[in-house]
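Notes follow once the structure below has been shown.
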Protein chains: 2
Amino acid sequence: MWQCQGVKATAAPAGAVRQGSLRELNLALVLGRIAAAPRPPSRAALAAETGLTRATVSAVVEDLVAGRLVTEAEPTPRAGAGRPARGLVLAGDGPAGLGLEINVDYLAACVVDLSGEVRHHVVHRADLRPVSAADALGRLARLAAGARAAADEQGLTLAGAALGVPGLVDAAGQVRLAPNLGWRDVPVPELLASHPPLAEAVDGVPALVVENEANLAALAELHAGAGPDNFLHVSGEVGIGAGIVLDGALYRGSRGWSGEIGHIPVRPDGPPCRCGGRGCLERYAGQEAILSAAGLAGADLPADTAPTRLAQLAEAGEAAALDALHEAGTALGVTVASVVNLLDLDTVVLGGGYAPLTPWLRPPMLAEIDRRVLTAAWSPVTVRPATLGATAAAVGAAGSVVRRIIARPAGWLARVGS
Amino acid sequence: MWQCQGVKATAAPAGAVRQGSLRELNLALVLGRIAAAPRPPSRAALAAETGLTRATVSAVVEDLVAGRLVTEAEPTPRAGAGRPARGLVLAGDGPAGLGLEINVDYLAACVVDLSGEVRHHVVHRADLRPVSAADALGRLARLAAGARAAADEQGLTLAGAALGVPGLVDAAGQVRLAPNLGWRDVPVPELLASHPPLAEAVDGVPALVVENEANLAALAELHAGAGPDNFLHVSGEVGIGAGIVLDGALYRGSRGWSGEIGHIPVRPDGPPCRCGGRGCLERYAGQEAILSAAGLAGADLPADTAPTRLAQLAEAGEAAALDALHEAGTALGVTVASVVNLLDLDTVVLGGGYAPLTPWLRPPMLAEIDRRVLTAAWSPVTVRPATLGATAAAVGAAGSVVRRIIARPAGWLARVGS
DNA sequence: GCCATTTAATTCAACCACTGAACAAATAGC
DNA sequence: GCTATTTGTTCAGTGGTTGAATTAAATGGC
């Protein structure tokens, strides 16, 4: 059965620490170091780094290799004397994550292996607003089946799946509200139950995790770059969403509904928003708002090409486009300044449709931030574009699956039976 | 030497997990359960609750008793048959925390024992704005010495100290900016070094932790009530600060400068603020703003009595006061709505000077929140007054010391030498 | 008043995982 | 070929948990 649960991987043992936990923790520790190392580390290097003895590291690595999480690289020739080290790398043929995404104008599926490499990636463009939720999910299931076949072909075992949707998801995986898709109370796990590309829930973790796409995009950014531990990832799609990464972990809020930055009031008495509030950020920096300010209101561009079109116009020095972007950047800056004052972040990442517009959005944003952030004098805030492309959420979704394995390898090892 | 470091107690083992870590983790687990239990639990109950065997729990408890962290309560007579359980309680004569606070118009010191009981509390009222930082800290040191004597007298051992200040504190414990005190770059640890009421840093944790007082007040609220895991604690003092508790832990930000809610813009083009921005919350809901709107601008009330005076006027139906509070509540509501949209919180606690004004601030706040928070329809946001009094920060400071011991008892046990 | 019943806590052999030291393996330099 | 050097494994030793048996201390039925 498909169920849902949060993405955040809690590495810390919550309950009793039995003897086996010791090995579980050290498996996670060693595997985490292997994953984080810039080049394949040797057992000896891992021992020195972690403080464990070489004997223990050897035993732990043996388990990891037996469970197909780690493989030995070719002996790297050493500089100087001594037996050559055998480098350890994440297995390219072990478990993999299936990442799915539903958005207003596309579906995406991808497979990411343990090392974070994208091994399969399909995007299916289609306007999903007129399509029923069941129909959309049916198409998604076909994409998922294709991804599963691709994974099989490459010797990968899918260990789980995560799905990103542009809306609010509750603890059961139900989409409570996805305004831009026109969804309300859509029981996604139930609707997908007839096309299950994966086995049942394993070990407390459901086979499918449904999550807000902004959160997953932020996760993708966290995993991709050797970036900072605390940042805000702002995705400009049709709506505006944000993923919040605090202390190196995605912050989801009590119910997973964090990051609804699009409805933060910029001007409390501003124009009414369809959310019921007034002067929300979306009214100033949402895609519709920017396009109509740039005089492209009726152009009826496909949503995915609108940002590139705007960038072209701005590049050409088109005054209306430049003004529109300046306005949007200012509104974003006011909002982001609030967030930075509140959370003491050092970095803001512009993702989704904002990424290609960064050169024009950044200056007005920084101006507002510098003026309004109390601590900006001591440490400047960086505003930079996302490193991943438009379907970052799908990659983040797949990444969340493999990251959970890296954070808690014992679960996987128990599953393969070792 | 007095040094500084963050307050957040990370219970999770970051590095290698050796054999001793096993015991360390179970010490923390068992002690944590004893601390959280509503009534003294027996060893058997702890075993059932934690999943450890009774043998292990007995061994762990023996260590805790030997280290004077836990004592046995009188055997509670059981209902029904069976040997009566021996209840375990946190020791009332073990380690304790020293909490200090410097604010605009008072100094405070308190001692809190392991169970969170306040065993000593002194408040010294004095306007500290005209006083030099060195002088103020000298007076504080005298209060601290008194607190230490009181602790000794009650058989308590001070295990550490924390100091709350109304400003930005850097990683070294230096106060970078405390606008309402008129402090800038004050090296607090250095200035207090000549009056050390405590031994040196133990075990990586400095003898004195300097922290923003809004953060400490939020911690006090977290420890006091069986409250929610995610909340915002807004302190209305001369400035407006906020402490953010996420997933049951204080969130401090990359540099400990989170919660600067007072300078979140309410109206981006509003009146200029001394921070350099415009239309900051402090201009609408800060103490000065409320007082002048209520027609009490020149009244020159002592800062601590201003809220009670306002409450009296509001109680009496004074129109100017009611209007002023309505305005302030609306501005607070707009800001808090932003925060809730961003962080998905379920509770907002009004502390400091706001606490007695809650009856008048809450209705306009809730009106704005309901209108602007996207998810308010599914789960209402609670706004309630803080349970602690005006000097919550001092209690929170002391509490942070004992909480760290509860989170990592092994450190204390090593210190007392078992 | 005595004994069966019930629950609490301790004792003890077994076991698991880590430690530390000794040892085997594999290379560079002389 | 020999030594120095570093990697990785083997193995006895140890700390800490487990699980079962045992002791402890109460209640309730007869």
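In what follows, chains are A, B, ... by sequence order, proteins preceding strands, each numbered from 1.
Looking only at side-chain heavy atoms (C-beta outward), B:Val209 and B:Arg404 come within less than 4.5 Å of each other.
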| note | 5' to 3', nucleotides 8-19 of chain D under a 4.0 Å protein heavy-atom cut-off (B base, S sugar-phosphate only, - none) gives BBB---BBBBBB

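Between the side chains of B:Glu221 and B:Thr387, at least one donor N or O sits under 3.5 Å from an acceptor N or O.
Checking side-chain atoms of B:Asn230 against main-chain N and O of B:Asp247 turns up a donor-acceptor pair under 3.5 Å.
Looking at every heavy atom in both residues, A:Ala159 comes nearest to A:Val401 through C-CG1, 4.2 Å.
For A:Glu62 and D:dT7, the CD to P distance is 19 Å, given to the nearest whole Å. As rounded to whole Å, 16 Å separates atom P of C:dA17 from atom CG of B:Leu25.
Of the charged side-chain nitrogens involved, at least one lies within less than 4.0 Å of a carboxylate oxygen, so that B:Glu72 and B:Arg43 count as a salt-bridged pair.
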